[in-house]
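Okay, so here's the structure we're looking at.
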Amino acid sequence: MMKNSSRIKLETERFILREVLLTDVDAFFELDSNPEVQKYVGNTRVVTKSEIINRIENLQKQYAANGIARWAVIEKESDAFVGWAGFKWITEPINNQLHFHELGYRFLETHWGKGIATETSRSLIAYAFANLTTDSLYAICDCENLNSRKVLEKVGFQWKEVFIHDGIPHHWFYIHNN
């Protein structure tokens, strides 16, 4: 039995998605302190673990307030944290939109190119349309992040437009529940 099994939200063939916990701080720090991981996401990389603790506590507040947030992606075979994926309930305007679920994901660099974003995103989309009160989901990615764009298109998101977010051109994607 996996540790923290009561917090499991979703399972895929290779991964378990569960709430991010304070026990994830070291792996989360490895993720968010890597400049390659941060390259297209507009965040400055973290330099202290206390910053990560604040991010985890913020996610836990989102779980309580919205019932959804980014979830830790845990490899079943090794029980290792490989990144996070999930939805954020957006409450500040982005591309003239407000109050929507935005799909996002981020993985440790050693796990890139293994289909994790595609596998988890497909399951997350199915989960959202079955469990969230929404008919549409959205995603954005830096226009230079070709791999993320490919993932979004592969899992069914439709490209709508380019918009400027934090001074940088981004793609705007959507998917509707059919």
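The basis for the numbers below is simple: all heavy atoms, side chains too, and nothing from hydrogens, waters or symmetry mates.
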For this session: Check for a donor-acceptor pair, side chain of N34 on one end and backbone N or O of E36 on the other, with a separation under 3.5 Å.
Result: yes
Exercise. So with a 6.0 Å cut-off around NZ of K154, is the heavy-atom count from everything else above 12?
Worked result: no
Problem set entry | Side-chain touch I53/E57, heavy atoms, less than 4.5 angstrom | yes
Exercise. Using a distance-only test with no angle check, is there a side-chain donor-acceptor pair under 3.5 angstrom linking Q62 and N58?
Worked result: yes
Problem set entry | Ring geometry between Y138 and Y174 (parallel below 30°, tilted from 30 to 60°, perpendicular above 60°) | tilted
Exercise. Do K76 side-chain atoms and T12 backbone N/O form a donor-acceptor pair below 3.5 Å?
Worked result: yes
For this session: Check for a donor-acceptor pair, side chain of W112 on one end and backbone N or O of F107 on the other, with a separation under 3.5 Å.
Result: yes
Problem set entry | Note, I140 side chain near H165 side chain (heavy atom, < 4.5 Å) | yes
Exercise. Is the shortest distance from a Lys or Arg side-chain nitrogen in K9 or E19 to a carboxylate oxygen in the other one below 4.0 Å?
Worked result: yes
Exercise. Are the side chain of E30 and the backbone of D26 linked by a donor-acceptor contact shorter than 3.5 Å?
Worked result: no
Exercise. Cut-off 3.5 Å, side chains only: do H171 and W159 have a donor facing an acceptor?
Worked result: yes
Exercise. Does the side chain of S50 pick up a donor-acceptor pair with the side chain of T48 at under 3.5 Å?
Worked result: yes
Exercise. Does R122 use its side chain to pair, donor to acceptor, with the backbone of V155 at less than 3.5 Å?
Worked result: no
Exercise. Which word best sums up how the rings of F100 and W172 line up, parallel for under 30°, tilted for 30 to 60°, or perpendicular for over 60°?
Worked result: perpendicular
Problem set entry | Expected output: side-chain E109 to main-chain V37 donor-acceptor under 3.5 Å | no
For this session: For the pair W71 and Y105, evaluate ring pair (Phe, Tyr, Trp, His ring centres under 6.0 Å) and give the outcome as yes or no after the intermediate values.
Result: CA-CA 9 Å; W71 292 331; Y105 41 79; over 10 Å; no
Exercise. How are the rings of F157 and F173 set to each other: parallel, tilted or perpendicular (split at 30° and 60°)?
Worked result: perpendicular
Problem set entry | Aromatic ring pairing W89/H101, orientation class (parallel under 30°, perpendicular over 60°, tilted between) | tilted
For this session: Answer yes when E144 and K39 have at least one side-chain N-carboxylate O distance shorter than 4.0 Å, and no when they do not.
Result: no
For this session: Decide if atom NZ of K160 counts as having more than 12 heavy atoms of other residues, nucleotides or ligands within a radius under 6.0 Å.
Result: no
Problem set entry | Full working for salt bridge (charged side-chain N to carboxylate O under 4.0 Å, His left out) between D24 and R18 | CA-CA 11 Å; D24 297 319; R18 61 154 171 80; 2.8 Å; yes
Problem set entry | Test salt bridge (charged side-chain N to carboxylate O under 4.0 Å, His left out) applied to R14 and E77, E119, E75, the passing residue | E119
Problem set entry | Closest non-hydrogen atom pair, L31 against G83 | CD2-CA, 4.3 Å
Exercise. Got T118 and K150 here, is their nearest side-chain heavy-atom distance under 4.5 Å?
Worked result: no
